[in-house]
Amino acid sequence: WLKPEWLGSARSPSAASAPFAASVATMVKISVLRDCLNGIVNAEKRGKRQVLVRPNSKVIIKFLQVMQKHGYIGDLEIVDDHRAGKVVVDLVGRINKCGVISPRFDVTLDGIEQLAS
């Protein structure tokens with residue numbers, strides 16, 4: 001799938017002959033909360049008892065504490081690995097579906113039903 005003109009010549013390398021060499025981008029996670037909730041829902045569907053969520057953030061911890069307070073998940077174990085961190089979540093089998101409403105804007109209680117459908 002590489003074309004010869006992309007590779008350029010050994011004598012005169014130029015940015016015009018190699019379009020991928022000029023802009024090498026790394027992938028970044030856009031929404032860690034979305035990845036966390038998708039991992040929890042997928043583990044719940046497969047019948048798992050625990051799920052490992054990474055990377056960790058303050059938003060994820062606060063969200064999972066609210067879910068724990070309402071009885072949707074069990075204990076949380078925060079693993080500090082001196083990097084982004086991990087969270088081990090004990091599942092109790094009560095989650096049918098959960099996800100992120102994006103972008104995060106203020107919603108009244110009546111407006112949640114409109115956004116969910």
Side-chain angles (χ1 to χ4, degrees):
W1 57 274
L2 284 176
K3 294 184 180 179
E5 58 265 13
W6 289 351
L7 299 176
S9 66
R11 290 177 285 138
S12 62
S14 66
S17 65
F20 300 119
S23 62
V24 176
T26 57
M27 297 288 290
V28 295
K29 289 199 177 208
I30 301 299
S31 176
V32 292
L33 184 60
R34 176 179 292 164
D35 293 343
C36 168
L37 295 180
N38 280 342
I40 289 174
V41 169
N42 289 340
E44 192 81 60
K45 284 180 184 175
R46 294 196 61 187
K48 303 288 185 183
R49 302 303 298 164
Q50 284 186 335
V51 63
L52 178 69
V53 175
R54 50 174 290 272
N56 189 4
S57 74
K58 291 188 284 186
V59 174
I60 288 176
I61 296 298
K62 293 293 184 185
F63 194 90
L64 292 177
Q65 285 174 346
V66 170
M67 288 179 72
Q68 184 181 26
K69 185 177 78 171
H70 289 284
Y72 287 103
I73 60 175
D75 291 334
L76 301 174
E77 181 182 343
I78 301 168
V79 179
D80 183 24
D81 58 357
H82 298 291
R83 292 174 184 84
K86 301 173 186 172
V87 181
V88 178
V89 180
D90 290 337
L91 302 174
V92 294
R94 289 191 163 182
I95 299 175
N96 295 326
K97 182 180 178 182
C98 67
V100 175
I101 297 174
S102 182
R104 296 182 198 154
F105 49 85
D106 294 337
V107 180
T108 61
L109 193 57
D110 298 333
I112 292 177
E113 288 298 323
Q114 295 171 354
L115 289 171
S117 59

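Looking at every heavy atom in both residues, Ile95 comes nearest to Glu44 through O-CG, 3.4 Å. Smallest separation of non-hydrogen atoms from Phe63 and Leu37: CE2-CD2, 3.6 Å. Between Val51 and Gly39, the shortest heavy-atom distance links the atoms CG2-O, 3.8 Å. Scanning both residues, Gly71 and Arg94, for their nearest heavy atoms gives O-CD, 3.2 Å. The two residues Arg54 and Gly85 make their nearest non-hydrogen contact at CB-O, 3.8 Å. Met67 approaches Cys98 most closely through the heavy-atom pair CE-SG, 4.5 Å.
At a threshold of 4.5 Å between non-hydrogen side-chain atoms, the residues Ser57 and Ile61 do not count as touching. For the pair Val92/Ile73, no side-chain contact is recorded, criterion being any heavy-atom separation below 4.5 Å from C-beta on. Taking 4.5 Å as the limit, some side-chain heavy atom of Val88 sits within range of a side-chain heavy atom of Val79. In this structure, Glu77 and Val87 have side chains that are not in contact, with every pair of non-hydrogen atoms separated by 4.5 Å or more. Counting heavy atoms from C-beta outward, Lys86 and Asp81 have side chains that approach closer than 4.5 Å. Counting heavy atoms from C-beta outward, Leu64 and Ile40 have side chains that approach closer than 4.5 Å.
Hydrophobic clustering of Ile, Leu, Val, Met, Phe, Trp and Tyr side chains at less than 4.5 Å, counting indirect connections, keeps Val32 apart from Ile101. Taking hydrophobic clusters as Ile, Leu, Val, Met, Phe, Trp and Tyr residues chained together by side-chain heavy-atom distances below 4.5 Å, Val66 does not share a cluster with Val59.
One finds the CG atom of Asp35 at 4.5 Å from the NZ atom of Lys29 (value rounded to the nearest 0.5 Å). Rounded to the nearest 0.5 Å, atoms CG (Asn56) and CG (Leu76) are 10.0 Å apart. Taken to the nearest 0.5 Å, the CZ atom of Arg34 stands 12.5 Å off from the SG atom of Cys36. In this structure, CG in Leu52 is found 9.0 Å from CD in Gln50, a value given to the nearest 0.5 Å.
Here Asp90 does not pair with Arg49 in a salt bridge; the nearest charged N to carboxylate O distance is not below 4.0 Å.
No more than 12 heavy atoms of other residues, nucleotides or ligands lie within 6.0 Å of CG in Asn96, so this atom counts as exposed by the packing criterion.
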Audit row: Lys97, Val41, side chain to side chain contact (heavy atoms under 4.5 Å, CB included) steps and yes/no: CA-CA 6 Å; Lys97 182 180 178 182; Val41 169; 5.8 Å; no
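With sequence neighbours excluded, no residue satisfies side chain to side chain donor-acceptor pair (under 3.5 Å) with Gln68. Asn38 meets the side chain to side chain donor-acceptor pair (under 3.5 Å) test with no other residue; sequence neighbours excluded.
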